[in-house]
Every structure is written in C-alpha cells, then in structure tokens.
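Everything on this sheet refers to the single structure shown next.
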Amino acid sequence: MKHTDIKELFEKSEKYLNAVQTVCGWVRTWRDSKSIAFIELNDGTCLKNLQLVFDKEKLSADSFKDALVVGAALQVEGEFIPSERNGFEMLVKSVTVLGGCPQDYPLQKKHHTLEFLRTIPHLRPRTKYFEAVFAVRNKLSFAIHNYFQEHGYKYVHTPIITGSDCEGAGEMFRVTTMPWNLGSKTEQEYFAQDFFGRRANLTVSGQLEGEMAAMGLGKIYTFGPTFRAEHSNTTRHAAEFWQIEPEVSFADIHDIIEIAEEFIKYIIKYVLEHCSEELAYFDERVEKGLIDKLNHVISSDFAKVTYTEAVEILKKSGREFKFPVNWGCDLQTEHERYLTEEYFKKPVFVVDYPAEIKSFYMKQNPDGKTVAATDLLVPGIGEIIGCSEREADLNKLVNAMKIRNMPLEAYGEYLDLRKFGSVPHSGFGLGLERIMMYVTGVQNIRDTLLFPRTVGSL
Ligand code: 4AD
Ligand code: MG
C-alpha cells in the first residue's frame, strides 16, 4: 500500500508540507463538533499521533462517520499542513476504513493500568506506553550489536536445546517428545527412548558454548533467549528472557570489568541519542529524573567494592534486613538495592564472591575462599550483569566440579578447553529486560517483553 510513515512526515516535514499525502494507522481518539471533526491517528512509527482534520463544509459527514471509531484502521488521503497547536496536521480529502473496530475493543480509554494491559498482551503494542517500550527495546538491541561489532567481536549463535547445565542451579526446563506415562523402570531407560536418546533442556545460558567459540575466535558474543524455571514470582524474573553474553579470550577479571562498564555506558548513550522522544515520555510518566540519571551514569565512574567489604557495609548499615547478612550468604535483592541505591548511589561492581555461592566455572582466587566473579548492581533493580573470569586450570576446575557432585562425563568438551591451549578468559551475561527496566524506569519485567512468560502464566 503506497503511503508515508507518520514519522517520516514529522521528521522531513519541509519535503511533504502543503502537498497531498497518504497515511495509514489506527484511531487513538476522536472528537466531533458541528463544523469540524478530529482524529488522532497513530501508525506505530513514532510516538506522536497525526491529527486528522475533517472540514464538514467540504466533506459530507457520511463519508467519514465509520472512521470516528476508536481502534479502527484507516487509510487517509489529505493535505499535510502546518498547524498552530500541533505543529502539523492533515486536512482530510478522503478516508478508507481498512478495518472497523466494534465497541468491545478493550482500549477505549486514553489511560489503562499496566495490570489491565498485561491481560491483553496482543493489543498493548497499540498503546503509547508499549510503543515507547518496544521502540527503546529495538534501539537498545541495535546498540548492543553495534558495540560488539565496532569492537571486533563475532556474533555467534549458541544452541537453545542443550544437554548440559551452565549455572547448576537446577532451574532448567526439560525438552521432550515423550508421552507422560511411559512406565519406565529407571530414569536412564526413560530418557534413552527420548528424541535425543538422553535428557535435553532449554539453555539457561549460552556461556559454555560461547567459551568454546571464544577459544578459537578470540572475542565473541551471544544474544538470544535463555530460559529459567525459577519459581521466583518477582517483578525482575521471567522464565524466558534475552541474554547478551560476551566471552573474551586473553582477558582477566579486571579487563572484563572495564569492558562491561564501557559497554553499559555505550548502550545507554546510544539510547539517549536515538530515543529522546521515548525517554522524555518515560521521564514524565514513569520515572521523574530518568534522563538526568542516565546522563549521570554515562559521565561518572561505576563504584567497585569487594563482597567482604559489602558485607561489612550492610552489617554497619543499621538496617533490619529480612535476610540477615553474614559472610558467605548470598546477597538478596534488599541487600543489593541498599548498596547501590543508598550507599553508593550509582552502579556498583561487587567483586570476589565466596566460591560456595557461585558457579563451578569461576576462577578460584589465591585466598582459597573466593572467586574472581562480579555482579553489577544498579539502583532500582539490583543485579543486571553476572560476570567472571573463568577457571582456566584443568585440575582446579575438575576439583570445583567434584565438590558440586557434577557429572564430569557430561562436560568432556568443556574440560578439553583447559587441556588444549588453555588461556585466561572472561565473560559476562547481561539480561536485556533488566537493562530495559533501568533505561526506561519500567517497574515490572512483564512490561518489557512482548509476551512475558512467568511462573503460572503462559
Ligand atoms: O547471573 P546469571 O545467572 O549469569 C549467567 O548466566 C552467566 N552464565 C553469564 C555469563 O557469565 N556469561 O545471569 C546473567 C544475567 C543476570 O545478571 C540478569 O540480568 C539476567 O541474566 N537474568 C534474568 N533476567 C530475567 N529473568 C531471570 N529469571 C533472570 N535470570 C538472570
Ligand atoms: Mg547472577
């Protein structure tokens, strides 16, 4: 259908002004009076609506009465003209209703609660809020690719279906084609009959395969869906989320922390530059001061603190936390948020966590207690990045796996990396939805995904 995007009309207005144009879109709102009628039309290409003006002296009311319907899809021909109040508007010559919209269309009001909109995920991209969310998600994804492409990383595609567990937290979804009532005597017998002849899962992380790629390609990154069967029903956990995982050969923990900070600043700066309209909307409607916050983040250094120091800070905080703090405990969201929001008041890397609370693959520090791992915590959310130098020593790695009772035979290829030309290497995982929440101020992870999958909700 030949037509011009509304974004194009607004952005290159000189080119289109005072000439007849065709636009398409959906009716957001309309108003009718004696001599004139108005429609706010949106086509999804930009947040701004195009105001359509129907002059009843020139157009018969019958010719556009079916267009004065919230949610209807229109194709409109008219003159694109300057307007005192709106900057620009369109003086309609003719209108075709592409798709009518009966009264039971749920988006009749101008504002709906986010809770209500979550019940109609198939329609919410037609609201300004979600138009802004998905515009930012788009640019953020593009910025992520840009950063890695400009810095010599190769984009690799790691498998979605895997036989191994990367994080070892038992949060994997099983993939199977088996009937539920096979009546097998043992687990082994059961899985032997399945599609792959063994147990298969949806990946929780592309890291292990990413490391294998990095051991030949040098610097790689993944960007794809990952899956966690966590029962944590929070505003920050989804069962299906997108993760970005760079893996860098010849890099130690200090190198990867530098990369992570530069990367986060790069993508925030990109969004500030390319989504100014959307960020202004979020600043006004969702988080006051959002743009100032983001500008501050890109222009100041992130804080850094060891886990051991962080525990001391938390103990001395005088706070009554729901989960008490002791050296060796996993930091809970309440602790993370105290550190980043109240103590440091900016993003902070917590480094050198106790080995017991972290994954098997992390480099063991000389103190024999901690690992070269860091989480990046940000105000309002908590952890957005999980990062570490990987254990490159075969014996130490095997030891860590034995302590965790891991089946070594399932990790033969991973161990080979430490046998054949092992090198120091490091990487991290950024949750796309978590950084989305940070740059938009959106409070619930369910509102950053097109179709959120969370426990009990598909
Ligand atoms: O800290 P995690 O578990 O680290 C890994 O998976 C490593 N293999 C990454 C690596 O070193 N390559 O997860 C990484 C990030 C978290 O910091 C968080 O941002 C996000 O993934 N994340 C989730 N996001 C949404 N919902 C969930 N259930 C998430 N679990 C983790
Ligand atoms: Mg983590």
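The first residue in the sequence is number 1, and the count goes up from there. Counting convention: from 1, in listed order, for ligands and their atoms alike. None of these values were measured; they are calculated from a predicted model.
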Give a yes or no on whether a salt bridge exists between [X] and [Y], defined as a side-chain N under 4.0 angstrom from a carboxylate O.
{"X": "E342", "Y": "R319", "value": "yes"}
{"X": "R137", "Y": "E433", "value": "yes"}
{"X": "R28", "Y": "E131", "value": "yes"}
{"X": "R124", "Y": "D447", "value": "yes"}

So which protein residues pack against ligand 1 under 4.0 Å, heavy atoms counted?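 The 4.0 Å shell around ligand 1 contains C166, E167, S205, Q207, R228, E230, R236, H237, A238, F241, Q243, E245, Y361, E383, I384, I385, G386, R390, G427, F428, G429, G431, R434, I445.
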
Nearest to the Mg ion (ligand 2) - the N/O/S atom of E383, by atom name: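 It is OE2 of E383.
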
Taking Y307 for its side chain and D330 for its backbone only, find out whether a donor-acceptor pair lies under 3.5 Å.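 No, the answer is negative, given that no donor and acceptor are paired below the 3.5 Å cut-off.
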
Non-neighbouring partners of K48 that pass salt bridge (Lys or Arg N to Asp or Glu O under 4.0 Å), sequence neighbours left out: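 Salt bridge (Lys or Arg N to Asp or Glu O under 4.0 Å) list for K48, sorted by chain: empty.
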
